[in-house]
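Worksheet: the structure to be examined is printed underneath.
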Amino acid sequence: MAGKKFYVVWEGRKIGIFESWDECKESVHGFASAKYKSFQTLELARQAYSEEYDDYKGKKIFESELSKEELELIGEPILNSISVDAACSGNPGLMEYQGVETETKKIIFKQGPFKDASNNMGEFLALVHALAHMKKSNDIRPIYSDSRIAISWIKDKTSRSNIQETENNKEVFELMKRAEKWLRSNEYSNEILKWETKAWGEIPADFGRK
């Protein structure tokens, strides 16, 4: 089946390997210390589940479409950094975003859900939120995003969403306007980097709903 994934749950209401997101979600949703991950093949899932989570989490055991030469050219991610991501149910739909420490996945900020928004809007807001947050503490660590669109909006200091403003999403549109204003009024030293998903797996800030 095209696009089928397998889910390993190390800690949850039920542990093991699950063949659907619904089964995995039932085990981990609302479970405070849940530890889980998706895989492209059953073999990779079994390999991961055979290890302790704390041993596994720092390893990159996943299927890659890149050649050995391409992987070497991309190199390794900078662990002393932060990562941002967004999740949206529907388009438009309920959107939320967060920023985490890349190495530990410790949550630095988390916002939402916002009504009638898009994933691109969330990715953009997450980057600006990270820039503003880090400027306050003179934190010059790089920021990873897996969204080329959001990164381009940051460079242009403007967003180009096709979502229409309504009473339901008035709040998120106000945040977008404030984010654009912040970009035009502030300088920052943080390098914004593209997270190479094909080489490194899902970005650490991923919401795990794929």
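We use all heavy atoms of the structure for the numbers below, so side chains are in, but hydrogens, waters and symmetry mates are not.
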### Message
Checking K37 against F39 for the side chain to side chain contact (heavy atoms under 4.5 Å, CB included) test, could you report, in this order, the C-alpha distance in whole Å, the side-chain angles of both residues, the deciding distance, and whether it holds?
### Response
CA-CA 7 Å; K37 176 76 176 176; F39 296 87; 3.6 Å; yes
### Query
Is I140 atom CD1 crowded by more than 12 heavy atoms from other residues, nucleotides or ligands, each under 6.0 Å away?
no
#### Entry: Straight-line distance of S81 OG to L193 CG, nearest 0.5 Å
7.5 Å
### Query
For the ring pair F6 and W21, is the centre-to-centre distance below 6.0 Å?
no
### Message
If hydrophobic clusters are built from ILVMFWY residues whose side chains come within less than 4.5 Å, do W153 and Y188 share one?
### Response
yes
### Query
Can you tell me how far CZ of R13 sits from NZ of K25, rounded to the nearest 0.5 angstrom?
11.5 Å
### Query
Could you go step by step and tell me if T104 and E101 meet the side chain to side chain contact (heavy atoms under 4.5 Å, CB included) rule?
CA-CA 6 Å; T104 65; E101 292 184 348; 2.9 Å; yes
### Message
The criterion is side-chain contact (heavy atoms from CB on, under 4.5 Å); which residues satisfy it with E23, sequence neighbours excluded?
### Response
F18, E19, S20
### Task
Locate the shortest heavy-atom distance separating E196 from I74; write the atom from each residue and the value.
CG-CG2, 3.7 Å
### Task
Mind checking the CG-OG1 spacing from D146 to T197? Nearest 0.5 Å is all I need.
5.0 Å
I'd like a table of donor-acceptor pairs (distance under 3.5 Å, sequence neighbours excluded) in which one partner is a side-chain atom from residues 113-129, with atom names and distances.
residue	atom	partner	partner atom	Å
D116	OD2	N168	ND2	3.4
S118	OG	M121	N	3.2
N119	ND2	E123	OE2	3.4
H129	ND1	Y97	OH	3.0

### Atom pair CG (L94) and CD (E96), whose distance is rounded to the nearest 0.5 Å
8.5 Å
## Note on the structure
Tightest non-hydrogen contact, residues D206 and Q98, listed as O-NE2, 4.0 Å
#### Entry: Ring centers of W10, Y36 separated by less than 6.0 Å
no
### Message
Using every non-hydrogen atom in the two residues, find where S152 and I149 come nearest and quote the distance to one decimal.
### Response
OG-O, 2.6 Å
### Task
Before giving the answer on side chain to side chain contact (heavy atoms under 4.5 Å, CB included), spell out for I82 and V100 the whole-Å C-alpha distance, their side-chain angles and the decisive distance to 0.1 Å.
CA-CA 6 Å; I82 77 167; V100 307; over 6 Å; no
### Query
Just by distance, do the side chain of W195 and the backbone of I143 share a donor-acceptor pair under 3.5 Å?
no
### Query
Which pair of non-hydrogen atoms, one from K14 and one from V9, has the smallest distance, and what is that distance?
O-CG1, 3.3 Å
### Message
With a sphere of 6.0 Å drawn around CD of E165, does it hold more than 12 non-hydrogen atoms of other residues, nucleotides or ligands?
### Response
yes
#### Entry: Straight-line distance of K135 NZ to L131 CG, nearest 0.5 Å
9.5 Å
#### Entry: Same apolar cluster (I L V M F W Y, side chains within < 4.5 Å links), I163/V172
yes
### Message
With clusters defined by side-chain heavy atoms of hydrophobic residues (ILVMFWY) lying less than 4.5 Å apart, directly or transitively, does I154 cluster with M134?
### Response
yes
Using distance only, find each side-chain donor-acceptor pair of residues 174-183 under 3.5 Å and give its atom names and separation, not counting sequence neighbours.
residue	atom	partner	partner atom	Å
E180	OE2	S159	N	2.8
E180	OE2	S159	OG	2.6

### Message
Taking CZ in R184 as the centre, count heavy atoms belonging to other residues, nucleotides or ligands within less than 6.0 Å. Is the count above 12?
### Response
yes
### Message
If I compare all heavy atoms of L42 with all of I17, which pair ends up nearest, and what's the gap?
### Response
CD1-CG2, 4.0 Å
## Note on the structure
So CZ of F207 and CG of D85: to nearest 0.5 Å the spacing works out to 6.5 Å
### Message
Could you see if V8 belongs to whatever hydrophobic cluster contains I15? Use Ile, Leu, Val, Met, Phe, Trp, Tyr and a side-chain cutoff under 4.5 Å.
### Response
yes
### Message
Main chain of R141, side chain of D139: is a donor-acceptor contact present, judged purely on distance under 3.5 Å?
### Response
yes
### Message
How close do A130 and V84 get, counting heavy atoms only, and between which atoms?
### Response
CB-CG1, 3.9 Å
### Query
Does one hydrophobic cluster hold both W200 and I78, with members joined at side-chain heavy-atom distances below 4.5 Å?
yes
